[in-house]
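Atoms considered below: every heavy atom in the structure, side chains included; atoms not considered: hydrogens, waters and symmetry mates. Numbers here are sequence positions counted from 1.
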Amino acid sequence: MIAYGYARVSTAEQAAEGLSLDAQEAKIRAYALIHDLQIAEIIREEGASGKNLKRPKLQRLLSLLAGKQREALIVWKLDRLTRSTRDLLHLIEDVFKGSHTRLFSISEQIDTETATGKFFLTIMGAMAQMEREVISERTSFALDLKRQRTEHLGAIPYGYKKDGKLLVKDNEEQKWIRQMQTWRKQGLSYADIAFWLNEHAVPTKRQGASWGPSAVFYILKQNTQTQVKAESYHGNMKKTVSR
């Protein structure tokens, strides 16, 4: 069977763990020799993260395998191919199965055409699914707890600041909101207001940023909604304290 090899390192891994491309290639060639696999090419990727599949050399490898039938891919370890279980299962189910590519992982002793290899990947998939669901449950629980404590969630809008975990008015920014509202009533455009604020160096919420018409529009639109929310936070807090 014709086989391709894939070797990957990041600079940090190579320095810390000795996972050199040469060492991986040597293991791949030795494995191929023992298992009577004929190496067509070993594709090497240096300084590339395994967190996703957006790697030039890997994409080239996948395009090579897509046009073939009954060939093999050899890696020294599964995390050389990808560190994402979801991406690994995608490769197995959606890419390799269609081209009948057989995957060999030397370290884990995996062969996707054996019952043991398929079982191992199924277990990995189930564990990944469980992990995603546990993370989702924890995130939902944490957000619900913050809401019960009347904590503000998300970015702090212009005109407000945080007092501990609560949202309170920022008097200086509220002054400029009132001035913007007055200018709008007088017929000034959002662009005119933004120009004046920039000319007079009125600071924005984000340090170093400048004012634009859309920012003025958004602030005036959101201010009323944010004020209602802030009053609701304080109202809930008062109820909690009174209990």
Side-chain angles (χ1 to χ4, degrees), residues 1-32 35 37-143:
M1 182 179 290
I2 299 296
Y4 289 86
Y6 179 76
R8 179 186 66 81
V9 294
S10 68
T11 304
E13 288 172 333
Q14 189 172 357
E17 302 177 32
L19 302 174
S20 71
L21 292 172
D22 288 341
Q24 291 180 56
E25 181 171 343
K27 292 178 182 294
I28 290 171
R29 291 192 181 280
Y31 186 90
H35 292 81
L37 300 169
Q38 183 181 341
I39 294 291
E41 184 180 356
I42 294 181
I43 296 175
R44 298 158 56 119
E45 195 136 38
E46 186 172 6
S49 170
K51 65 181 181 181
N52 58 52
L53 303 178
K54 296 178 181 179
R55 284 166 266 155
K57 299 291 182 65
L58 176 61
Q59 290 301 314
R60 176 174 170 267
L61 170 65
L62 296 180
S63 66
L64 287 172
L65 293 172
K68 308 292 184 181
Q69 292 290 324
R70 300 299 303 171
E71 295 196 334
L73 172 61
I74 309 171
V75 293
W76 174 68
K77 197 173 182 181
L78 284 176
D79 66 10
R80 300 302 87 204
L81 190 58
T82 176
R83 289 187 179 276
S84 166
T85 305
R86 180 183 298 179
D87 285 343
L88 177 62
L89 293 174
H90 161 68
L91 290 175
I92 297 296
E93 292 296 323
D94 303 328
V95 180
F96 298 157
K97 184 177 287 186
S99 60
H100 302 284
T101 298
R102 191 172 176 179
L103 175 64
F104 297 92
S105 177
I106 300 171
S107 294
E108 290 95 351
Q109 299 182 2
I110 291 177
D111 176 355
T112 55
E113 286 204 352
T114 66
T116 302
K118 290 178 181 177
F119 175 74
F120 181 77
L121 287 175
T122 301
I123 294 298
M124 287 179 64
M127 291 180 66
Q129 171 94 17
M130 183 184 71
E131 183 179 3
R132 286 194 296 271
E133 291 176 354
V134 167
I135 291 173
S136 177
E137 287 177 357
R138 288 174 180 171
T139 301
S140 297
F141 176 78
L143 290 175

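- Remark: Phe96 CZ to Glu71 CD distance equals 12.0 Å, nearest 0.5 Å.
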**Message:** I'd like to know whether Leu103 forms a side chain to side chain contact (heavy atoms under 4.5 Å, CB included) with Ile92, so could you lay out the CA-CA distance, the side-chain angles of the two residues, the decisive distance to 0.1 Å, and finally the verdict.
**Reply:** CA-CA 8 Å; Leu103 175 64; Ile92 297 296; 3.5 Å; yes

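- Between Leu58 and Leu81 the shortest side-chain heavy-atom distance falls below 4.5 Å.
- Here the CD1 atom belonging to Ile74 is positioned 10.0 Å from the CZ atom belonging to Arg29, to the nearest 0.5 angstrom.
- Judged as a side chain to side chain donor-acceptor pair (under 3.5 Å), and not counting sequence neighbours, Gln38 has no contacts.
- Formation of a donor-acceptor pair under 3.5 Å by the Arg80 side chain with backbone atoms of Arg8 is found in this model.
- For the atom pair Leu21 CG and Ile43 CD1, the distance stands at 12.5 Å (nearest 0.5 Å).
- Considering every non-hydrogen atom in both Ala3 and Leu37, the closest pair reads CB-CB, 4.1 Å.
- Once rounded to the nearest 0.5 Å, the distance linking OG1 of Thr82 with CG of Leu91 reads 7.0 Å.
- The side chain to side chain donor-acceptor pair (under 3.5 Å) search around Arg44 returns Asp22, Glu25, not counting sequence neighbours.
- Of the residues listed (Arg55, Gln24, Glu41), the one engaging Tyr6 in a side-chain hydrogen bond (donor to acceptor under 3.5 Å, both in side chains) is Arg55, and it is the only one.
- A donor-acceptor pair under 3.5 Å is absent between the side-chain atoms of Thr112 and the main chain of Gly117, judged by distance alone.
- Atom CD1 of Ile42 is separated from atom CD1 of Ile28 by 5.0 Å, given to the nearest 0.5 angstrom.
- Here the CG atom belonging to Leu65 is positioned 13.0 Å from the NE2 atom belonging to His100, to the nearest 0.5 angstrom.
- The salt bridge (charged side-chain N to carboxylate O under 4.0 Å, His left out) pairs that include a residue from residues 100-117 are Arg70-Glu113, Arg102-Asp111, Arg102-Glu113, where partners are two or more places apart or lie in different chains.
- Taking both residues in full, the closest heavy atoms of Trp76 and Ser105 are given as O-OG, 4.2 Å, listed atom of the first, atom of the second, then distance.
- Here the closest heavy-atom approach between residue Leu61 and residue Tyr4 is recorded as CD1-CB, 3.8 Å.
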